Amino acid sequence: MIAGAYRAGSCPPLVLLHGLTASWRIWQPVIPALERHHAVFAPALAGHHGGPDLEPADGGLPGICDALERTLDDAGIGTAHLVGNSLGGWAAIELARRGRADSVVAFSPAGSWRTARNMRRLVRTFRLYDGRIAPHRERLASALSRPRLRADARRSR
């Protein structure tokens, strides 16, 4: 088992790639259905929770995809059906360009920024947001575990 990854099922390999600041766990709601037809592999991307470290010099999409290719190699996956969301969608497209995809499904693929500087600014914004939420996660989780509060939150949108 590869640390920071999920793997189960049989048949053709299907690799699930999460978005920026997420982890492989974002795919948990759909994994059981996918396992019936595929060998599901959901790694944590480099620089994300559970994933390999990503040095600033290796940052950006090329560094993430280099690390992802090493992870696929370690898992014994040459090519696979790739599914990605946001940053994961962009990575799936890049892996296809590198010859690692049997097919690609990219949900809202990232990459609309024009420069690496714009991408770094976006990452800083996500980290700032995450830092402000982190101290309140336990209270938020407790509050949202209550059906009435969840219903009230939905109505207030």
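Treat the numbers as computed from the prediction; the structure is a model and nothing was measured. By convention here, the first residue in the shown sequence is residue 1.
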Quick one, [X] and [Y] - any side-chain contact, counting heavy atoms below 4.5 Å?
X     : Y      : result
Leu68 : Arg98  : no
Pro12 : Asp102 : no
Leu87 : Ile64  : yes
Arg7  : Ile77  : yes
Leu16 : Leu34  : yes

Could you walk me through whether Leu17 and Leu95 pass the side-chain contact (heavy atoms from CB on, under 4.5 Å) check? CA-CA 11 Å; Leu17 304 170; Leu95 288 176; 4.2 Å; yes
Tell me whether [X] contacts the main-chain N or O of [Y] through its side chain, where contact means a donor paired with an acceptor under 3.5 Å.
X      : Y     : value
His38  : Pro13 : no
His18  : Leu45 : yes
Ser86  : Gly88 : no
Arg100 : Ala80 : no

Test log, rule side-chain contact (heavy atoms from CB on, under 4.5 Å), inputs Cys65 and Glu94: CA-CA 7 Å; Cys65 288; Glu94 173 59 19; 3.5 Å; yes
I need the [X] [atom1] to [Y] [atom2] distance, nearest 0.5 Å.
X     : Y     : atom1 : atom2 : answer
Ser10 : His37 : OG    : NE2   : 10.5 Å
Leu82 : Leu14 : CG    : CG    : 8.0 Å
Tyr6  : Arg25 : OH    : CZ    : 11.5 Å
Arg70 : Asp73 : CZ    : CG    : 9.5 Å

Looking only at heavy atoms, what is the nearest atom pair of [X] and [Y], with distance?
X     : Y      : result
Gly89 : Pro109 : C-CB, 3.9 Å
Phe41 : Ala75  : CZ-CB, 3.9 Å
Ala44 : Gly50  : CB-C, 3.7 Å

Set out, in order, the CA-CA distance, both residues' side-chain angles and the distance that settles side-chain contact (heavy atoms from CB on, under 4.5 Å) for Trp90 and Leu61, then state yes or no. CA-CA 8 Å; Trp90 192 16; Leu61 187 68; 3.3 Å; yes
Under the criterion side-chain contact (heavy atoms from CB on, under 4.5 Å), I'd like the reasoning laid out for Val40 against Trp27: C-alpha separation, chi angles, the key distance, then a yes or no. CA-CA 10 Å; Val40 175; Trp27 297 105; over 6 Å; no
Between His81 and Ser103, do the side chains contain a donor N or O and an acceptor N or O under 3.5 Å apart? yes
Does Ile26 have more than 12 heavy atoms from other residues, nucleotides or ligands lying within 6.0 Å of its CD1? no
